[in-house]
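See below for the structure under consideration.
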Amino acid sequence: GSAPDDSSDGGDGSTTAASDFLPCIVSDAGGFDDKSFNQLSFEGVQQAADELGTDFKDVESNSENDYAPNIDSLVSEGCDVIVTVGFALAAATKEAAAANPDIKFVLIDDAADGGDDGQTFDGKADQPNIKPLLYDTAQAAFLAGYAAADYSKTGVVGTYGGQPYPTVTIFMDGFKQGVDYYNQENSKDIKVVGWDGKNGSFTGGFEANEKATNTAKQLIDQDADVLLPVGGPIYQGALTAIADSGKDIAMLGVDADLFETDPNTQDVVMTSVLKNMKVSTYEAVMSAESDADNFDFTPYVGTLENDGVGIAPFHNFDGKVNPDLADKLDTIKQGIIDGSIPVNSYLNQ
Amino acid sequence: MSTPTSEASIPLHETPLAGVTTVVDKKAAVILSVMTAGLLLVVAFFPQDGDTTFRLAVPSDFAQLPRVTVPSTLTAWVLIIVCLLCAGWSIVLYRRKLQTPLWLMVIYSLGWMIGFLAWAASGGTIPVVGLLSGSLALAVPLVFGALGGVLGERSGVVNIAIDGQLLAGAFAAAMIGSALNSTWAGLVAAMVAGTLVALILGLFAITYLVDQVIVGVVLNVLVIGLTSFMFTQVLAPNAETLNSPPRFTAVVIPVLGDIPLIGPIFFRQSAVVYLLYIAVAVVTWSLYRTRWGLRVRAVGEHPTAADTVGINVIRTRYRTILIAGAVAGMGGAFYTLVSVPQFNREMTGGAGYIALAAVIFGKWDPIRATLAALLFGFASNLQGVLSVIGSPVPSEFMLMLPYVVTIFAVAGLVGRSRPPAADGIPYRKG
Amino acid sequence: MSSAVGTEQHPPTEPDEAPDRNRWRETFREIASGGVTVGFLAVLLAIVVGSVLIAATDEQVRATAGYIGARPGDFFQATWDAVWGAYTALFRGSVYNTNAVSFDQGIRPLTETAKFAAPLIVAGLGVGLAFRAGMFNIGGRGQMLMAGAAAGWVGYQFDLPAVLHLSLALVAAMIAGALWAGIAGLLKARTGAHEVIVTIMLNYVAFYLVFFALSKQSLLQAPNSFNPKSLPVKDSAQLPELLGDQYNLHLGFVIALVAVAFAWWLLERSSLGFRIRAVGLNPEAARAAGINVGRVYVLVMLIAGALVGLAGANQVLGTVTSGITVDLDAGIGFDAITVALLGRSRPLGILAAGILFGAFKAGGFAMQASQDIPVDIVLVVQSLIVLFLAAPPLIRTIFRLPAKEAK
Amino acid sequence: MKLVLRDITKRFGTLVANDAISLTVEPGEIHALLGENGAGKSTLMNVLYGLYQADAGEIELDGVVQHFSGPGDAIAAGIGMVHQHFMLIPVFTVAENVMLGNESTGFAGTLDVDEARQRVQKISDQFGFHVNPDALVEDLPVGVQQRVEIIKALSRDAQVLVLDEPTAVLTPQETDELMQIMRELKESGKAIVFITHKLREVREVADKITVIRLGKVVGEADPKASNAELASLMVGRPVELTVHKDPMKPGPDTLDVERLRVIDAAGRVHVDDVSFTIRAGEILAVAGVQGNGQTELTEALLGLQDRVEGSIRLHGEELVGRSVRHILDAGVGFIPEDRQTEGLVGAFTIAENLMLNRSHGEPFVRHGTLQLERLEGFAKEKLEEYDVRAPGITTLAGQLSGGNQQKVVVARELSRDVSLLVAAQPTRGVDVGSIEFIHKQIVAGRDAGMAVLVVSTELDEVVSLADRIMVLYRGRVVGIVPADTPRDVLGLMMTGERPEGAIA
Ligand SMILES: Nc1ncnc2c1ncn2[C@@H]1O[C@H](COP(=O)(O)OP(=O)(O)OP(=O)(O)O)[C@@H](O)[C@H]1O
Ligand SMILES: Nc1ncnc2c1ncn2[C@@H]1O[C@H](COP(=O)(O)OP(=O)(O)OP(=O)(O)O)[C@@H](O)[C@H]1O
Ligand SMILES: [Mg+2]
Ligand SMILES: [Mg+2]
């Protein structure tokens with residue numbers, strides 16, 4: 001190849017930053033390539049950094065041992081705002097926040113609430129300089145559940161998760177409620193397999209592996225023709241299971257619109273339950289830069305109302321789903337927003 | 001004399017023995033009783049009303065076997081009685097100083113398992129085909145790994161690095177498979193990767209006489225480190241070019257694939273699984289029926305003796321573990337070329353150690369080791385199937401099942417097993 | 001190690017030239033006899049390999065490699081930057097932070113090293129002790145989980161005066177770890193079940209047990225929480241910080257040192273240790289000498305489990321006091337094996353190895369944060385060090401050293 | 001085929017096992033190689049066989065200088081060897097063992113076992129070996145195993161046949177048969193090297209005798225030379241071939257064994273219906289071919305066997321079912337058959353080995369702590385007393401020579417107060433000097449009022465030590481006879497024949 005004129009260029013965005021504002025992000029054990037909340041939050045920070053023309057730091061954790069040290073090392077790297085992803089980082093974030101009151105912390109998927117004894121909940125983060133980002137994905141999953149029930153021909157729809165974490169089961173809860181709602185509305189009896197509200201099927205981890213494939217197969221063996229895999233890359237398992245089954249089975253994506261993020265899914269993904277972490281993280285970082293002094297630390301809860309959560313378009317399935325489904329979903333969405341249709345999740349209990 | 005002395009297996013005129021009697025240990029009896037008691041308790045304390053359906057066919061069969069529907073609790077009780085009879089009989093046999101015969105064990109296991117299923121899957125449908133074919137799928141990497149382990153140890157080299165070989169195989173298969181967009185290229189790459197790990201094992205364990213367990217354990221760590229590092233640095237950034245290999249899809253074997261029950265379980269699998277059948281057959285045959293096998297076993301039992309008849313111990317061991325590495329590597333390919341078309345860090349999840357367990361559980365015999373691996377696959381798949389149906393058992397306990405089963409099996413059924421005499425002992429010439 | 005996987009005792013076919021059952025000692029004598037040079041070169045070699053990996057995967061380096069013909073200077077500059085950057089970061093993160101404003105700040109990494117070393121040392125002792133009895137304890141993870149859960153529960157459940165509360169939590173951890181490891185010992189002694197299999201399986205069982213408990217309000221899960229996490233440990237049960245607030249170093253390190261002393265006494269001076277070593281080196285002779293081999297197996301696993309249990313307690317009561325989680329073992333259970341191997345299963349060796357690996361761990365974070373190099377590289381370097389140290393002849397061949405007469 | 005070894009030198013580290021040894025063996029000649037343990041006989045033959053590479057010297061066959069890079073070459077050149085420690089794979093059948101290394105194979109390397117069977121059968125018939133090709137080697141008595149070794153060599157039609165201490169494991173009758181076979185082989189023109197330290201045998205078959213001491217040839221001897229001459233040549237000084245012991249003064253019954261039955265995990269009955277008593281101050285020697293239950297008998301006495309029926313009473317106390325430790329503490333001393341696996345911990349120091357079976361309390365342990373200085377004193381003392389030739393008490397036992405290792409074991413057992421000493425093969429693989437010493441110690445113990453059970457496959461040893469002799473065959477007592485029972489009678493009993501009135 002030919003040498004570039006200025007060889008000092010290149011590296012991981014180590015360009016002389018336009019502003020000295022430094023946003024940083026720590027993943028949980030899932031890592032930034034989890035095609036899920038780590039990745040989306042990462043992209044949020046990345047986008048913000050690009051627009052601000054600044055550099056940014058990202059570190060991955062492999063175990064709970066790493067959270068505190070990772071945050072510390074970012075602190076010593078001189079970050080202005082540190083995004084910590086996942087409830088697992090809550091404790092470490094609290095400590096770091098206490099130790100560094102002048103750094104802003106954005107904590108995703110946990111309220112950092114409960115006080116030191118873990119019992120006194122005041123609806124605010126325990127540290128003034130932590131902004132929690134929470135998502136009531138049950139609302140969106142509810143819509144997906146309704147859609148799935150409406151689409152299902154076998155009368156069975158299935159869901160499975162990585163680990164029974166609340167951030168996972170909240171999807172399955174909403175999904176089941178959506179199906180139940182469909183059943184009572186249309187006096188049908190669509191069955192949900194893989195989640196009964198308390199127990200369900202879990203692959204035991206958040207890796208795309210044989211267990212993921214196998215769990216999906218097991219749901220298909222129960223005649224499910226719509227699958228909702230919850231937990232980052234484990235949807236890969238559903239993909240292969242569907243391919244092997246040779247049946248016509250639809251899949252629902254979570255977090256991002258799979259149709260966009262993973263083209264391989266375009267033929268099978270009916271819709272996706274959106275959890276707009278990218279946007280909200282992006283906004284949080286941006287405002288942390290723009291109005292650094294009066295940054296709003298009140299917890300953000302993504303809902304259908306503020307489009308923090310939602311469901312993606314049907315894309316290729318436009319023709320396959322009932323023509324009136326889209327409108328039906330809109331009315332239900334309104335119902336959920338105005339509270340006439342209750343959706344329960346750990347966030348609103 | 002309390003026990004009869006009978007002239008048995010060994011022709012006495014050739015042995016220096018006073019006689020041979022049969023020694024029975026009470027393990028069988030104890031295990032059967034304990035297991036029965038366990039089942040009895042759960043069924044008694046958590047009775048299930050409702051029926052359980054066993055579905056023997058898959059829609060794609062043209063010869064549709066009927067669904068069998070039975071009342072859960074009643075069936076469970078009936079089969080518990082069967083189990084009680086078996087257990088009782090084996091106790092009687094023990095009192096009479098007689099071994100519990102295999103057929104009794106088989107009947108018992110079937111009875112127990114079906115009884116348990118009838119109870120646990122109450123109100124649901126057990127897709128028997130799915131249950132068994134899934135078990136096979138989960139067992140594939142384990143079987144490959146176990147075969148590799150058996151080969152190595154039969155030649156006197158303990159191979160704890162199976163996990164490393166699986167992981168390296170998975171990684172190579174994903175990377176090369178994607179780069180060349182060819183499943184077979186990926187498979188070959190996996191075998192090469194497994195062989196490379198074996199080569200390092202050989203270099204340290206055979207040539208430099210480093211303790212084989214040390215090398216094995218450390219190699220696993222090394223491979224985890226390497227693959228994870230490369231994953232983050234190379235694969236993840238270029239996922240579409242380097243981490244999205246093509247898949248081996250299921251191929252239906254003409255006639256065989258249509259046999260009810262058997263067909264969909266065994267003969268509607270991917271090429272890798274058919275390779276597995278071949279591997280098991282070839283390894284078993286060559287280990288016991290060929291010159292190569294005879295020499296491998298000789299080297300593993302008594303290297304000096306092998307040496308004195310002109311067999312090159314070092315070369316034999318190297319050759320064997322390299323082949324073993326290739327076999328284990330194939331298992332690794334299953335992760336990224338069949339299960340899911342992408343590599344993830346530490347994606348074997350310690351399967352190599354399970355394979356190791358299968359080797360010991362299988363008493364260093366390819367067939368037995370294969371069965372051990374299959375048992376493990378069955379246990380883990382059962383877990384999944386039941387939690388899908390929504391069994392009364394919490395999912396964590398179902399997830400525990402395979403591991404608990406293995407402990408029981410190793411402690412109860414295998415016990416002290418006799419490895420190849422020179423297993424794990426480096427060979428030095430005078 | 002007499003019961004390496006698949007190497008149960010068997011009557012040697014040629015008594016006079018019986019295979020040396022004592023391959024641990026032997027290997028380790030090799031390591032020792034390798035001498036300082038070889039040891040140094042082994043570490044050097046491992047670091048070189050690590051550097052190659054770092055350079056090869058560095059974008060800058062690959063970019064410049066593109067036109068190496070045109071401007072080789074760039075390439076070597078880039079390579080140097082990548083490698084030098086990585087290892088200086090490692091140093092900054094593990095020994096002294098040269099960028100720090102004050103000495104107090106600068107020395108912090110060293111305390112972090114000690115913090116990470118503590119659990120590695122105690123767990124390493126647990127694994128090493130088992131090795132000395134010819135047992136391979138791969139069950140560190142499970143033992144840490146059970147112990148951590150026990151310690152954590154005691155830690156948040158009771159209200160007690162500080163010293164008492166802490167000691168109670170520690171004891172609970174040791175008992176839990178001991179019992180969990182004891183299962184493997186008992187099964188080996190009674191049924192001959194191979195401890196390698198049993199301990200591996202118990203890892204998974206422990207994981208799901210703790211997970212289950214953490215997802216049940218009635219058990220370990222924090223009230224009105226939905227996460228698989230317990231309440232935080234009360235201050236009275238926490239391992240006090242040794243150097244005040246700006247450092248995370250806590251009493252765990254001192255406990256580790258005490259454990260080392262204890263393990264040394266046990267192995268070198270106590271009659272139990274004598275029997276342990278005898279069983280590890282030659283079970284038949286031990287049995288013929290009236291030593292109850294089975295009982296030794298059980299006792300060793302109990303003690304080993306208790307030591308590994310301390311590592312669990314160290315995590316829950318010291319390093320991450322925010323409550324029990326399923327990944328409290330943080331891979332220490334497995335790292336402990338490498339530590340024990342590098343430490344030649346000798347208490348002092350394990351102390352040294354633990355500190356070295358602690359440094360790698362602490363440094364890894366800085367390396368990742370400032371240089372974007374995945375911490376996994378540390379695993380690579382660590383395992384290479386153990387491998388190379390175990391094979392001095394290899395090092396000699398590589399560095400063309402005069403081969404020295406072994407035995 | 002004519003074999004010439006010229007100035008063969010072989011070193012093991014510092015130890016010179018062979019020092020410029022030269023040897024010539026003519027076809028149709030039986031050449032005896034005589035020398036005590038550790039003299040270097042096996043080493044020399046292993047060099048010839050290509051197992052070891054000589055540091056100097058050359059091997060010549062029919063005038064052609066050979067270069068053996070491994071046994072393969074040696075075998076190809078027509079050299080066959082029956083090793084001192086059998087080179088058979090226990091879990092293989094006879095046929096498999098014989099074919100191993102030159103297997104005949106069918107399609108795709110499939111083994112042709114039938115061919116091997118026939119090969120075995122043919123040779124077996126030719127020399128009347130009566131070996132079943134399909135028997136598992138581990139199930140065969142050593143005598144038969146040795147024939148398998150010979151078949152192995154012959155099946156590769158060896159012209160030079162080396163027999164390394166072949167008679168050590170045979171009954172006198174079997175020995176005679178072997179001699180006969182050797183003569184037949186000699187007739188068929190083979191050159192035979194016959195290694196032994198049993199003078200009688202040498203004089204019987206050897207055409208030539210070469211004596212080796214400390215790795216050097218110390219002379220050629222004539223087959224008609226006297227035992228004493230040969231012996232002194234071998235050891236380098238005059239030696240007493242018999243043990244001096246006063247007539248015994250028997251005390252009360254110490255050990256009382258009744259209807260003992262020992263079964264192993266596989267259900268094999270190794271000892272059956274064995275009853276005997278030993279009085280204080282008496283030595284009962286157990287004769288019999290290796291593998292006829294002696295090992296299991298001694299292990300049963302020590303509580304090392306799991307399935308034992310019948311009763312073992314020491315001073316009336318029942319020992320069956322008691323732990324090894326209890327039995328040791330009850331006053332039983334044990335010199336195990338194989339010092340390296342059961343007697344010593346090779347990687348322990350001499351001192352540590354001296355307290356191996358006393359790690360439970362006084363004098364060497366107090367409050368769970370080792371009393372090192374006390375142990376040191378004790379060890380130094382015993383090193384003196386039992387003249388163990390070692391640099392110091394911290395020398396690792398594994399580095400000692402066999403004789404010295406055995407002395408350590410004897411010292412350990414005799415320095416506890418034991419009322420019963422069980423000594424299995426007390427002088428196997430031990431130099432003559434040590435043999436004398438160990439025998440003296442045993443007799444001293446007996447005179448001090450110990451009951452002693454000696455197990456030995458060396459008839460000489462049995463005869464010279466025993467006050468009474470018990471012969472075992474297939475785990476059963478053939479008879480208990482007085483010490484002065486003639487050898488041929490004993491030999492007959494060792495094959496199971498029971499002469500009338502053979503109970504004393
Ligand atoms: N296989 C071996 N490897 C290393 N050294 C050995 C081996 N066999 C014997 N030696 C060494 O050779 C020396 C003599 O030991 P060995 O027991 O073989 O001879 P020995 O004839 O029994 O001795 P002694 O005449 O004193 O009884 C000892 O120093 C021993 O350590
Ligand atoms: N592999 C070895 N390594 C080190 N030393 C050895 C080895 N083999 C034999 N020796 C030593 O070399 C010397 C000669 O041993 P060798 O076995 O040839 O004696 P030998 O004459 O056969 O005695 P024996 O009658 O006991 O067989 C002994 O001291 C022995 O210990
Ligand atoms: Mg010798
Ligand atoms: Mg010899």
Side-chain angles (χ1 to χ4, degrees), chain C residues 1-2 8-29 132-134 190 192 262 264-296 299 303 345 404-407, chain D residues 12-14 37-38 42 83-90 138 295 299 302-304 323-329 332 334 336-348 352-353 355-361 364-372 396-399 402 409 412 425 428-429:
Chain C
M1 181 180 101
S2 50
E8 252 87 335
Q9 300 316 322
H10 50 82
T13 2
E14 326 136 81
D16 269 12
E17 285 158 37
D20 186 355
R21 316 193 149 285
N22 170 24
R23 285 170 298 123
W24 283 109
R25 276 272 180 91
E26 200 182 56
T27 317
F28 301 146
R29 210 178 298 121
R132 292 296 289 274
R190 284 290 161 78
F262 164 77
W264 179 86
W265 174 84
L266 178 72
L267 280 170
E268 305 301 330
R269 288 286 177 275
S270 78
S271 60
L272 176 58
F274 180 85
R275 274 172 251 151
I276 291 175
R277 287 183 287 131
V279 169
L281 294 171
N282 185 346
E284 287 96 337
R287 180 157 175 268
I291 296 172
N292 182 334
V293 176
R295 186 178 302 151
V296 169
L299 282 175
I303 303 173
S345 305
K404 82 186 221 304
E405 187 58 53
K407 85 184 313 216
Chain D
F12 294 113
T14 54
N37 297 103
S42 302
H83 296 265
Q84 179 175 12
H85 312 296
F86 293 159
M87 292 301 168
L88 296 170
I89 289 147
E138 65 185 347
T295 311
E299 288 185 351
L302 261 287
L304 290 165
S323 73
V324 180
R325 182 179 157 195
H326 178 97
I327 292 173
L328 289 170
D329 295 350
V332 178
F334 183 42
E337 162 177 290
D338 173 1
R339 53 177 171 271
Q340 312 233 3
T341 48
E342 291 208 301
L344 296 161
V345 177
F348 268 10
E352 285 173 314
N353 273 292
M355 69 164 281
L356 195 57
N357 56 15
R358 288 206 260 178
S359 65
H360 294 88
F364 302 125
V365 175
R366 195 180 291 160
H367 315 307
T369 316
L370 302 179
Q371 304 300 309
L372 290 180
L396 297 186
Q399 292 169 349
V409 176
R412 179 180 70 213
Q425 315 291 357
R428 175 183 285 175

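All heavy atoms count here, side chains included; hydrogens, waters and symmetry mates do not. Within every chain, numbering begins at 1; the chains are lettered A, B, ... in the order of the sequence lines, protein sequences first and strands thereafter.
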D:Asn357 side chain near D:Phe334 side chain, heavy-atom distance below 4.5 Å: no
Closest-packed option against chain C by number of heavy-atom pairs under 4.5 Å, given D:Gly368, D:Gly343, D:Pro336: D:Gly368
By salt bridge (Lys or Arg N to Asp or Glu O under 4.0 Å) - contacts of D:Glu352 (at least two apart): C:Arg277
Option that, when pairs with chain C are counted at under 4.5 Å, heavy atom only, ranks first among D:Leu302, D:Val345, D:Asn353: D:Val345
Closest heavy-atom pair and its distance - D:Leu328, C:Ala288: CD1-O, 3.9 Å
Heavy-atom contact with chain C under 4.5 Å, split by part of D:Leu344: backbone
Backbone of D:Leu370 reached by a side-chain donor or acceptor of C:Arg269 within 3.5 Å: no
Which atoms of D:Ser323 approach chain C - backbone, side chain, both or neither, heavy atom under 4.5 Å: neither
Max heavy-atom pair count under 4.5 Å with chain C, selected residue of D:Glu337, D:Met355, D:His326: D:Met355
C:Arg132 side chain vs C:Ser345 backbone, donor-acceptor pair below 3.5 Å: yes
Listed partners of D:Arg358 passing salt bridge (Lys or Arg N to Asp or Glu O under 4.0 Å), at least two apart: none
Heavy-atom proximity to chain C below 4.5 Å, by part of D:Leu372: side chain
Under 4.5 Å from any heavy atom of chain C - which part of D:His360: both
